[in-house]
Amino acid sequence: MVDALVAWGTDNAIIDRLTEFHTAGADHLTLQLITAVGGETPPLTHWRRLADVSAKSA
């Protein structure tokens, strides 16, 4: 079930997964970033990277 709902892995794997959701008809996606404990707070670097990756799937 997790694999059906969660996009994870390399940047290309995430782009492919988000594209699958869009192709299936999704016009909105909610993205939540999950990072390792003890990272940057807030995780600005990761948010910026996620923004770049998600823009490539649109």
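All residue numbers refer to positions in the sequence shown, counting from 1.
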Can you see which heavy atom on P42 is nearest to which on W47, and at what distance?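 Shortest heavy-atom separation between P42 and W47 comes out as CB-CH2, 3.4 Å.
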Do I14 and T10 touch side chain to side chain, with heavy atoms closer than 4.5 Å?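 Counting from C-beta outward, I14 and T10 never come under 4.5 Å.
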Roughly how far, to the nearest 0.5 Å, is [atom2] of [Y] from [atom1] of [X]?
X: R17; Y: D3; atom1: CZ; atom2: CG; result: 8.0 Å
X: L29; Y: S57; atom1: CG; atom2: OG; result: 7.0 Å
X: D27; Y: H22; atom1: CG; atom2: NE2; result: 8.0 Å

State plainly whether one hydrophobic cluster holds both L31 and V6, where clusters connect Ile, Leu, Val, Met, Phe, Trp and Tyr through side-chain heavy atoms under 4.5 angstrom apart.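 Different clusters: L31 never reaches V6 through Ile, Leu, Val, Met, Phe, Trp or Tyr contacts under 4.5 Å.
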Hey, which of D11, L33, L44 is the one that makes side-chain contact (heavy atoms from CB on, under 4.5 Å) with R49? D11
